[in-house]
Enquirer: 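Let me give you the structure first, and then I'll get to my questions.
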Amino acid sequence: STQSTWEYRSDVVTVFQEMSELYRASALVLDRVEACHGSVKSLTLALDIPQKGAVLALTSQALKYKECIVQVVKSTRLAADNPAERQSLLLVMVHDLLFGSGKISGGGRLKRLVMAYEPTLRAALTA
């Protein structure tokens, strides 16, 4: 039997319960890319990930804008208010808000936190 993609991160799955599946999958791929387990494309295709095309697109774009997103997040208190183990999730959410759809799908505490900082993030992006 195949092992669930999410089992290796079972300690943080509860954090993602209300979160969009797209963000969870993109964060998983980002974590593995940054741990040098493969490329975005190879990991997205190899893992048991739904919405492969959307995950590939979001993850690739989040990595493309990573430096800018990190700078914007660091210029606000959002970085301090977000636990380090969820930086990849924060990266894809902030990307979607600032460079993607302009909103964050799903729900949860992290979405509420990011949305509370939306004006500050947008101001830091244009500064």
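Count residues from 1 along the sequence. Worth saying up front: this structure is predicted, and the values here are computed from it rather than measured. No hydrogens, no waters, no symmetry mates; every other heavy atom, side chains included, goes into these values.
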Enquirer: Does L45 share a hydrophobic cluster with L22, counting links as ILVMFWY side-chain heavy atoms below 4.5 Å and allowing steps through other members?
Expert: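 No, because L45 and L22 fall into different hydrophobic clusters, even though each may have its own neighbours under 4.5 Å.
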
Enquirer: Would you name the heavy atoms of P50 and V55 that are closest together and state the gap between them?
Expert: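 Result for this residue pair: O-CG2, 3.6 Å.
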
Enquirer: So, taking the atom named CE in M93 and the one named CD1 in I104, what distance separates them when rounded to the nearest 0.5 Å?
Expert: 4.0 Å

Enquirer: Can you classify the ring geometry of F99 versus Y65 as parallel (below 30°), tilted (30 to 60°) or perpendicular (above 60°)?
Expert: parallel

Enquirer: With respect to E118, which candidate in V94, L97, L98, L78 satisfies the side-chain contact (heavy atoms from CB on, under 4.5 Å) definition?
Expert: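 Output: one option passes, namely L97.
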
Enquirer: Within a reach of under 6.0 Å around NZ of K74, are more than 12 heavy atoms found that belong to other residues, nucleotides or ligands?
Expert: no

Enquirer: Would you find a donor on one side and an acceptor on the other, under 3.5 Å apart, between the side chain of K111 and the backbone of S105?
Expert: no

Enquirer: Got a donor-acceptor contact below 3.5 angstrom from the T59 side chain to the L56 backbone?
Expert: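 Answer holds: no.
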
Enquirer: In Å and rounded to the nearest 0.5 Å, what is the CZ to OG1 distance from R122 to T120?
Expert: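 Atom-to-atom, R122:CZ and T120:OG1 are 11.5 Å apart.
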
Enquirer: Evaluate side chain to side chain contact (heavy atoms under 4.5 Å, CB included) for L43 paired with L28, printing each intermediate quantity in order.
Expert: CA-CA 9 Å; L43 289 168; L28 173 70; over 6 Å; no

Enquirer: Looking at A57, is its backbone amide N or carbonyl O close enough to the side chain of S60 to form a donor-acceptor pair, meaning the two atoms are under 3.5 Å apart?
Expert: no

Enquirer: Run the numbers on Y117 and R77 for side chain to side chain contact (heavy atoms under 4.5 Å, CB included), then give the verdict.
Expert: CA-CA 8 Å; Y117 281 92; R77 290 233 1 112; 3.3 Å; yes

Enquirer: Quick one: pull up CD1 in I69 and NZ in K64 and give me the separation to the nearest 0.5 Å.
Expert: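 With rounding to 0.5 Å, CD1 (I69) is 11.5 Å from NZ (K64).
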
Enquirer: Between C68 and L125, which heavy-atom pair has the shortest distance, and what is it?
Expert: SG-CD1, 3.8 Å

Enquirer: Identify the heavy atoms of S26 and L58 that sit nearest to each other, and give their distance.
Expert: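 Shortest heavy-atom contact: OG-CD2, 3.5 Å.
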
Enquirer: With K66, which residues qualify under salt bridge (charged side-chain N to carboxylate O under 4.0 Å, His left out), at least two apart?
Expert: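 K66 satisfies salt bridge (charged side-chain N to carboxylate O under 4.0 Å, His left out) with E34 once adjacent residues are dropped.
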
Enquirer: Using every non-hydrogen atom in the two residues, find where V92 and A62 come nearest and quote the distance to one decimal.
Expert: CG1-CB, 4.0 Å

Enquirer: Looking at residues at least two apart in the chain, or sitting in another chain, which of them share a side chain to side chain donor-acceptor pair (under 3.5 Å) with T76?
Expert: none

Enquirer: Indicate if M115 and L90 have the same hydrophobic cluster label, given that clusters are the connected sets of ILVMFWY residues with side-chain heavy-atom separations under 4.5 angstrom.
Expert: yes

Enquirer: Which heavy-atom pair separates V72 from A124 by the least distance, and what is that distance?
Expert: CG1-CB, 4.0 Å

